[in-house]
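These numbers come from a predicted model, not from an experiment. We name chains A, B, ... by the order of the sequence lines, and we start the count at 1 in each one.
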2 protein chains.
Amino acid sequence: MTKDTPSEPALAPRTRDAEATKARILKAALNEFARYGLAGARVDTIAEKAKANKRMLYHYFGSKEELFQIVLENAYLDIRQAEQKLRLHELDPVEAMERLVRFTWEYYLKHPEFIRLVNSENLHRGQHLRKSKLVSIFSRKLVEMVSDILDRGVAQGVFRPGVDPVHLNLTIAAIGFYYLTNRYTGSIIFERDLMDKAALDERLAFNIDTILRLVRA
Amino acid sequence: MTKDTPSEPALAPRTRDAEATKARILKAALNEFARYGLAGARVDTIAEKAKANKRMLYHYFGSKEELFQIVLENAYLDIRQAEQKLRLHELDPVEAMERLVRFTWEYYLKHPEFIRLVNSENLHRGQHLRKSKLVSIFSRKLVEMVSDILDRGVAQGVFRPGVDPVHLNLTIAAIGFYYLTNRYTGSIIFERDLMDKAALDERLAFNIDTILRLVRA
DNA sequence: CGGATAACGCACTATCTGGTTACTTCCCGG
DNA sequence: CCGGGAAGTAACCAGATAGTGCGTTATCCG
């Protein structure tokens with residue numbers, strides 16, 4: 001909508017730019033909600049970090065909860081889109097499976113905001129995600145993707161039949177997500193630094209092994 | 001300390017009973033913290049639900065955070081003690097492993113407060129659990145327990161060698177914990193009721209299978 | 001160029017929230 | 001049976017917090 005005239009350099013600092021302001025608010029909100037949860041996040045802090053006026057935040061997003069909802073939806077859409085870019089159908093089943101486990105792990109590792117946001121949303125019983133139409137659509141593609149790998153593997157005789165793609169999806173997510181979301185209590189309980197580089201590499205290898213043992217014929 | 005005189009019936013409603021009041025506050029706090037998280041929980045609500053005066057809460061526990069800390073520690077001690085009662089060393093390795101997976105799942109299912117508390121604590125980077133000395137001690141026993149099962153299994157040739165008991169522990173927890181903590185977003189994303197009786201049974205069976213495939217020779 | 005529209009900002013408030021002050025009531029040991 | 005300490009209570013407070021009313025300024029289109 002509000003675009004620079006083509007002749008002007010794009011980097012010229014616009015004094016007024018609704019899209020840019022919205023984007024800054026969303027980014028600051030993602031950070032704040034991920035750090036402190038929905039209840040712990042402070043609207044004033046979000047506005048400040050976004051270098052935007054709080055009034056703008058309410059103008060564009062309505063309320064703290066609606067802002068959270070949009071931040072959460074965006075986070076889900078981001079991971080679902082990244083998954084689609086993997087082009088797993090081009091790989092043979094074992095490689096595809098390994099790549100998916102690796103991707104999931106690395107995505108969680110690179111995006112700790114995502115796992116924290118998901119936890120917050122589940123504390124609130126999924127009431128915000130439920131309002132998103134897009135998330136369901138994109139999630140279906142994920143299940144189809146895994147289903148396809150599984151089918152191809154069974155056809156080639158490398159995977160055993162009868163593995164539920166939803167349970168497999170849940171398990172791939174679980175073994176990475178749990179380790180990383182509970183990194184703090186986990187490090188205390190098991191008395192070792194779970195976020196140590198070597199520990200992370202070891203975990204990824206363990207996870208790939210776990211999933212392959214689960215699906216192999 | 002404050003005990004009824006032996007001649008009086010223990011159930012006689014004492015008008016003043018420090019231990020009972022503390023217990024009521026802890027119970028109400030467990031509920032409130034599990035429901036709304038540390039930031040979302042309300043001290044007034046805890047006092048009200050405990051049928052205690054807020055001043056008592058501060059008198060016995062010092063602050064909201066210290067109360068949270070004690071609630072969290074109690075929750076961990078409870079699960080660790082329940083695990084010790086399983087007497088897994090009396091079972092053969094495969095049965096012991098299956099029993100542990102089953103127990104973990106059923107404990108999480110019966111104690112949704114536990115998983116919610118753990119999530120809240122990890123949002124706060126483990127800063128409260130770190131202060132507990134007891135939790136580390138009891139956790140060591142858990143690792144030893146799994147280690148023992150694993151060793152016995154290897155000696156009998158039913159389990160493969162080289163499985164790290166910490167990673168195994170993490171995985172047993174993960175596949176149950178993740179499913180249950182993300183029951184809300186999971187049900188939305190996969191468009192099926194993850195908390196349906198049949199779905200729960202299916203998941204338990206899947207989890208047992210996953211772990212056995214992981215450790216079997 | 002000029003005025004409508006949208007971006008932006010200040011200052012305010014009603015309410016909530018963790019924590020406290022100052023008090024009363026009960027119980028038990030000597 | 002009585003005095004002191006512990007259990008219990010009501011009212012209160014200061015700071016924080018989500019949300020707004022209203023005025024100002026930049027931008028863009030006719």
Side-chain angles (χ1 to χ4, degrees), chain A residues 1-10 12-26 28-29 32-33 35-71 120 124 128, chain B residues 1-10 12-29 32-33 35-71 120 124 127-128:
Chain A
M1 256 119 258
T2 35
K3 282 279 164 200
D4 288 316
T5 51
S7 54
E8 286 303 316
R14 293 191 57 129
T15 41
R16 299 198 156 195
D17 189 331
E19 294 308 312
T21 304
K22 276 192 204 179
R24 285 201 318 279
I25 292 172
L26 284 172
E32 177 79 1
F33 284 132
R35 248 181 156 59
Y36 304 107
L38 176 50
R42 297 298 161 234
V43 173
D44 291 79
T45 307
I46 294 171
E48 196 188 335
K49 292 272 175 67
K51 282 175 201 157
N53 194 277
K54 192 166 51 149
R55 200 69 194 73
M56 288 292 93
L57 188 158
Y58 281 96
H59 181 242
Y60 291 130
F61 301 102
S63 71
K64 187 187 184 183
E65 283 209 39
E66 284 170 278
L67 177 57
F68 179 81
Q69 198 183 304
I70 292 178
V71 165
S120 292
H124 292 276
H128 308 97
Chain B
M1 255 116 260
T2 35
K3 281 277 164 201
D4 286 318
T5 51
S7 55
E8 287 301 316
R14 293 190 56 130
T15 42
R16 303 197 154 196
D17 189 332
E19 295 308 312
T21 304
K22 276 194 205 179
R24 285 202 318 278
I25 292 172
L26 282 172
K27 193 181 165 193
E32 178 78 1
F33 284 132
R35 249 182 156 57
Y36 305 107
L38 175 50
R42 296 296 159 235
V43 172
D44 291 79
T45 307
I46 294 172
E48 195 188 334
K49 292 272 174 67
K51 281 175 202 156
N53 192 278
K54 191 166 51 148
R55 197 65 193 79
M56 287 291 94
L57 188 156
Y58 281 96
H59 182 242
Y60 292 129
F61 301 102
S63 70
K64 187 187 183 183
E65 283 208 40
E66 285 171 277
L67 178 57
F68 179 81
Q69 198 183 303
I70 292 178
V71 164
S120 292
H124 292 274
Q127 60 177 292
H128 308 96

| message | Return a single string for nucleotides 16-23 of chain D, one symbol per nucleotide in 5' to 3' order, where B is base contact, S is sugar-phosphate-only contact and - is none, cutoff 4.0 angstrom on heavy atoms. | response | -SBBBBB-
Give the rounded distance in Å between these two atoms: [atom1] of [X] and [atom2] of [N].
{"X": "A:Ile25", "N": "C:dA7", "atom1": "CD1", "atom2": "C1'", "answer": "11 Å"}
{"X": "A:Leu57", "N": "C:dA7", "atom1": "CG", "atom2": "C1'", "answer": "14 Å"}
{"X": "A:His59", "N": "C:dC10", "atom1": "NE2", "atom2": "P", "answer": "17 Å"}
{"X": "B:Met56", "N": "D:dT9", "atom1": "CE", "atom2": "C1'", "answer": "8 Å"}
{"X": "B:Lys51", "N": "D:dT9", "atom1": "NZ", "atom2": "P", "answer": "12 Å"}
{"X": "B:Phe61", "N": "C:dT20", "atom1": "CZ", "atom2": "P", "answer": "16 Å"}

Under 3.5 Å, which donor-acceptor pairs link side chains of residues 37-57 of chain B to any protein atom two or more places apart or in another chain?
residue : atom : partner : partner atom : Å
B:Arg42 : NH1  : B:Ala39 : O            : 3.1
B:Asn53 : OD1  : B:Arg55 : N            : 2.9

| What do you reckon, is CZ of B:Arg24 surrounded by more than 12 foreign heavy atoms closer than 6.0 Å? |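 Atom CZ in B:Arg24 is packed in, count exceeds 12.
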| field | ring-ring contact (aromatic ring centres under 6.0 Å, His included) pairs, two or more places apart, involving residues 46-68 of chain A | value |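 Passing the test, one end in residues 46-68 of chain A: A:Phe33-A:Phe68, A:Phe68-A:His128.
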| request: Examine C:dC8: is either OP1 or OP2 under 4.0 Å from a nitrogen or oxygen in the side chain of A:Thr21? Give yes or no. | output: yes
